[in-house]
Amino acid sequence: MAYKVAVVGATGNVGREMLSVLSERKFPASEVVALASTRSTGTDVSFGDGTLKIKALDYYDFHGTDICLMSAGSSVSKEWSPRIAAQGAIVIDNSSQWRMDREVPLVVPEVNADALNTIKKGIIANPNCSTAQLVVALKPLHDAAKIKRVVVSTYQSVSGAGKEAMDELFRQTRAVFVADPIEKHKFTKQIAFNVIPHIDVFLDSGYTKEEWKMMVETQKILDPDIQVVATCVRVPVFIGHSEAVSIEFENPITADRARTILRSAPGVLVIDKREDEGYITPVEAAGEDATYVSRIRKDPTVENGLLLWVVSDNLRKGAALNTVQIAEVLINRKLITPKRKAA
Ligand SMILES: NC(=O)c1ccc[n+]([C@@H]2O[C@H](COP(=O)([O-])OP(=O)(O)OC[C@H]3O[C@@H](n4cnc5c(N)ncnc54)[C@H](OP(=O)(O)O)[C@@H]3O)[C@@H](O)[C@H]2O)c1
């Protein structure tokens, strides 16, 4: 069986990665359609060995489409996801628009694939990139020793803010070297040779929305009883989010046991040698599928505590890969059937 797939936001960072992941994983697609705004109509995007011509979302008829992978931001998703679902396609959305809707499953397949058994609105949400890699690492440890509290500080790459943000880091870096003025458009402060403790808008609580998203999304995906607190920081890295994670457990768990558990956990690769280069950095994680865990060690300041360093490619596990994995679960569990039978 093969499925007609639409990718909305196909010219963007996540959309282009979705097309790569679909091709690499030989997704059973009868047809892949690349959509973006009218600004991009007619331009080419790479797909496998060839290219696809971008069509305009505004004029596209989704009748006959089985799966729509959305990555065009919240406002586009707010308007379009219900319309696309009403035309019969299952929408898997990367924006924050639907994540906390009670009738929309928020899914990381390694953690809560069963949430896909009830898709009331025809929409499935993909979590925030920082949340996705965090819960992949937390889930096996939670199963083993029950997590009570998580304190996480992130070091998030600029690709998480879209393709224009990557261009801004590049331009500012160049400007520093040639002593040109620094121009800011996407980031509120200079990002080149700097770090910015501000991602998404500020809330009345003093947290940023990115920090709030990590807290509530982790609870929705993993366990509402886990207390989570986050500090989210943008760093001048192109691809790959890193996280320093402090975990407090209900039950005792040693660093050695955690390392053994994580070594056999789905989606996780442990690189933890306690020597020079015996850990992962974003540069090595870019382009890879795994959530890497390094620096596993005891936290002596709490009764049952561990510290971890978690790194993953935010465009892959944090977005495109997770989206495609959700679509694969729908197919493997026969939660979706193609509208048109393959010839
Ligand atoms: N980057 C990450 O790590 C990450 C992780 C998880 C989730 N997400 C989410 O994924 C979404 C996309 O992120 P991104 O990083 O790929 O952004 P991006 O690089 O800025 O790309 C945005 C895409 O949306 C399209 N678009 C914008 N307005 C549109 C409209 N009115 N109609 C149709 N298409 C429109 C753009 O098309 P044009 O080129 O034609 O303008 C482009 O293809 C966002 O919701 C983001 O929060 C991103």
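Both ligands and their constituent atoms are indexed starting at 1 by order of listing.
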* **Check ion pair Asp114-Arg333 (N to O, under 4.0 angstrom)** => yes
* How about Lys121: does its NZ atom have over 12 heavy atoms from other parts shown lying under 6.0 Å from it? -> yes
* Pair Ser157, Asn314: side-chain N/O donor-acceptor within cut-off below 3.5 Å -> yes
* Using a distance-only test with no angle check, is there a side-chain donor-acceptor pair under 3.5 angstrom linking Ser153 and Thr231? -> no
* **Check: Pro127 N/O within less than 3.5 Å of ligand 1 N/O** => no
* ligand 1 versus Ser96: contacting region, heavy-atom distance under 4.0 Å -> neither
* Between Trp80 and Tyr60, is the gap from one ring center to the other below 6.0 Å? -> no
* So which protein heavy atom does atom 7 (C) of ligand 1 come closest to, and at what separation? -> Asn94 O, 3.3 Å
* Pull out every atom of ligand 1 sitting under 4.0 Å from any heavy atom of Gly318, numbered as shown with elements. => 5 (C), 6 (C)
* State whether the side chain of Trp309 and the backbone N or O of Ile296 hold a donor-acceptor pair below 3.5 Å, judged by distance alone. => no
* Less than 3.5 Å between some nitrogen or oxygen of Lys163 and one of ligand 1, yes or no? -> yes
* To do: Say whether Gly12, considering both its backbone and side-chain N or O atoms, lies within less than 3.5 Å of an N or O atom on ligand 1.
  => yes
* At what distance is the nearest protein heavy atom to atom 45 (O) of ligand 1, and which residue and atom is it? -> Gly73 CA, 3.1 Å
* To do: Please say whether Thr11 places an N or O atom under 3.5 Å from an N or O atom belonging to ligand 1.
  => yes
* **Which residue and heavy atom of the protein sit nearest atom 1 (N) of ligand 1, plus the separation** => Ser159 O, 3.0 Å
* To do: Report yes if Leu315 has an N/O atom closer than 3.5 Å to an N/O atom of ligand 1; otherwise report no.
  => no
* To do: Looking only at protein heavy atoms, identify the closest one to atom 34 (N) of ligand 1 and say how far it is in Å.
  => Ser37 N, 3.2 Å
* Decide whether an N or O pair under 3.5 Å exists between Asn128 and ligand 1. => no
* At what distance is the nearest protein heavy atom to atom 17 (O) of ligand 1, and which residue and atom is it? -> Gly162 CA, 3.8 Å
* Structure fact -> The protein heavy atom nearest to atom 41 (O) of ligand 1 is Arg39 NH2, 2.8 Å
